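Let me begin by presenting the structure, written as C-alpha cells, before commenting on it.
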Amino acid sequence: MPGPSPSTAWWAQRAPSASAAVLATGTLAVGLDLAGYGALSRIALGLACAAWLMLAADFTLRLLLAGTRWRAYAAVPGLLDTVATAALTTVAATAVLGTGFSAAGSQSLAAALLVLAVLLWPVPMALPAQDGERRRPGTVFARCMATQGLAVLGATLAAAESAAWLAHAALVLFWLGLVLYVLALARFDVRQVAEGRGDHWLAVGALAISALAGAQLISSDSARLYLWNDDDRGVLRHVTTVLLVLALAGCAVLLAAEFLRPRPLHDIRRWATVFAWAKTAAAALAVAAALGVSWLDGLGEVLLWVAVAAWLAVTAWAVASARTYVLPCRVRPRARR
C-alpha cells in the first residue's frame, strides 16, 4: 500500500502547531482593520479563514481515524498537554476570526464563531496538567489567551448588536482571564526569556489580548446600554492602561533579550512572536480609540507594520520549508536498467 504523499506528511507534522499561524494571521487582520486598512484586513482575514478550515478538516479526520484509541493517546506523557494547548489556541483563533468578521460587518457569522468557540472552550480548560509543578514554556498562557479571546469577541458583538448581557458575560471572562494569567505566570519558566524559540512571546501576547479585551469592553458602552457606572469605567480604564503598559514593556524586554542572546528565527513557534506583535499593535490602536489617547495611534501603527514584516518573514520561511520538504520527495532518480 502506498504511503502518504510528501505534502500530506509535511502537513501532519505541522498541523498541531498551525493554529498559532491562524491566530497570528487573524490578529493581523483585526489590527489592520483598526488602523483603517480595510482591503489588507480582508485579505488577511481570508487567509486566516482558509487556514482555519484546513485545521478543522484535519482535526475532524484525525478524530475519525483515532476511533476508540483516544484513551491510549491520553496516557502518553505530555501528549495531553500538547493537545490541550493546541485546542486552546484553536479556541483563541476561532474567537479572533469572529472578531475579524464582526469588524467586516458579518455579525451573524461572528456570532456563530462565538458559539463554536464557547462550545470548544470548556474541554481543554478542564484538562489537568500532566507535568505537575514543572516550569512551562510560553504555551502555559494558552488558557488566558483563549478566555480573553472570548471576551474580545463578546464585547465586540455586544457593541455591534447592543446586547448588554453579552457585554456583562465578556466582563466576567475578562476578569477570569486575568486570574488565569497570574496563575500561568507563576508556572512560566523565566529562562525562556533568554532561551525561548518563539513561543515565549505568548507572555506578552496574553497581556496584549487582555488589554484589547479591556478596550473593547470600554468601547462597547453607550448611552443606550449604560453598561458601566463611573466607578466601573474608571477601574476598566486603569486596568486596561496598566495591561497595555506591561505589554509594551514586555515587548521591549523580550526584544532586548533576542538581541543579547540571538536564537534561530526560523521556527514554527515564531508564529507566536508574530501574534504577540500583532496583538500589541491591535491593543494600542483599540486603547487609543477607547480612551482618546491620540499618540497611541502612531505607536500602534508602527507596531502593526513590524508585525506585518514579521508575518511576511515567517510565511516566507514556511513556504520555503514546505518546498524543501516536498520537492526532494517528489523528484526521485530513475532506477538503472
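Note that the structure is a prediction, hence the values are computed from the model and not measured. Sequence positions, counted from 1, serve as the residue numbers for this chain.
Both Leu304 and Leu312 belong to a common hydrophobic cluster when Ile, Leu, Val, Met, Phe, Trp and Tyr are linked at side-chain heavy-atom distances under 4.5 angstrom. A single hydrophobic cluster is not seen to contain both Val293 and Val302; linkage of ILVMFWY side chains at heavy-atom distances under 4.5 Å, directly or through other members, places them apart. Under the 4.5 Å side-chain contact rule for hydrophobic residues, Val118 and Val123 do not share a cluster. Follow the hydrophobic side-chain contacts under 4.5 Å out from Leu120 and you never reach Val115; the two are in separate clusters. Val172 and Leu119 fall into different hydrophobic clusters, defined by Ile, Leu, Val, Met, Phe, Trp and Tyr side-chain heavy atoms under 4.5 Å apart, directly or through other members.
Atom CZ of Arg233 has more than 12 neighbouring heavy atoms from other residues, nucleotides or ligands inside a 6.0 Å radius. Within a 6.0 Å sphere centred on NE2 of His238, other residues, nucleotides and ligands contribute 12 heavy atoms or fewer.
Residues Ala290 and Ala215 come closest through the heavy atom pair CB-O, 3.6 Å. Nearest heavy atom pair, residue Ala247 against residue Val204, reads O-CG1, 3.5 Å. Closest approach of Gly205 to Lys279, counting heavy atoms only: O-CG, 4.0 Å. Shortest non-hydrogen contact noted between Gly198 and Ala272 is O-CB, 3.7 Å. Here the closest heavy-atom approach between residue Pro137 and residue Asp199 is recorded as CB-OD2, 4.1 Å. Across Ser41 and Ala29, no two heavy atoms sit closer than the pair OG-O, 2.7 Å.
Judged purely by distance below 3.5 Å, without hydrogens or angles, the side chains of Trp52 and Ser19 never pair a donor atom with an acceptor atom.
Under the 3.5 Å distance criterion, the side-chain polar atoms of Thr99 are matched with a main-chain donor or acceptor of Ala95. Checking side-chain atoms of Gln148 against main-chain N and O of Phe174 turns up a donor-acceptor pair under 3.5 Å. Proximity of a side-chain donor or acceptor of Gln216 to a complementary backbone N or O of Val152 within less than 3.5 Å is not detected. Of the possible donor and acceptor atoms, none in the side chain of His168 sits under 3.5 Å from a partner among the backbone N and O of Leu166. With Ser106 contributing its side chain and Ser102 its backbone, the two residues share no donor-acceptor pair below 3.5 Å. For Tyr181 (side chain) and Leu176 (main-chain N/O), no donor-acceptor pair under 3.5 Å exists by modelled atom type. A donor-acceptor pair is defined here as one N or O able to donate and one able to accept, closer than 3.5 Å; such a pair exists between the side chain of Asp221 and the backbone of Leu227.
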Candidate pair Leu28 and Val308, rule side chain to side chain contact (heavy atoms under 4.5 Å, CB included), full reasoning: CA-CA 7 Å; Leu28 201 61; Val308 169; 3.9 Å; yes

Verify side chain to side chain contact (heavy atoms under 4.5 Å, CB included) between Leu207 and Phe141, making sure each step is shown before the conclusion. CA-CA 10 Å; Leu207 283 171; Phe141 295 99; over 6 Å; no

Apply side chain to side chain contact (heavy atoms under 4.5 Å, CB included) to residues Trp228 and Val235 and explain how you reach the verdict. CA-CA 10 Å; Trp228 329 119; Val235 170; over 6 Å; no

Set out, in order, the CA-CA distance, both residues' side-chain angles and the distance that settles side chain to side chain contact (heavy atoms under 4.5 Å, CB included) for Leu32 and Arg42, then state yes or no. CA-CA 9 Å; Leu32 288 166; Arg42 303 302 180 267; over 6 Å; no

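In this structure, the separation between CG on Leu150 and CE on Met145 is 12.0 Å, given to the nearest 0.5 Å. In this structure, CG on Leu291 lies 8.0 Å from CG on Leu296, to the nearest 0.5 angstrom. How far CG of Leu248 is from CG of Leu243: 11.0 Å, rounded to the nearest 0.5 Å. Rounded to the nearest 0.5 Å, atoms CD1 (Ile218) and OG1 (Thr240) are 4.0 Å apart. Glu161 CD to Thr156 OG1: the interatomic distance, rounded to the nearest 0.5 Å, is 11.5 Å. To the nearest 0.5 Å, atoms OG1 (Thr280) and CH2 (Trp201) are separated by 8.0 Å.
The salt bridge (charged side-chain N to carboxylate O under 4.0 Å, His left out) test applied to Glu258 returns Arg263, Arg270, not counting sequence neighbours.
No side-chain heavy atom of Phe101 sits less than 4.5 Å from a side-chain heavy atom of Val96. Residues Trp311 and Trp277 are not in side-chain contact: their nearest non-hydrogen atoms beyond the backbone lie 4.5 Å or more apart. At least one side-chain heavy atom of Leu157 sits under 4.5 Å from a side-chain heavy atom of Leu153.
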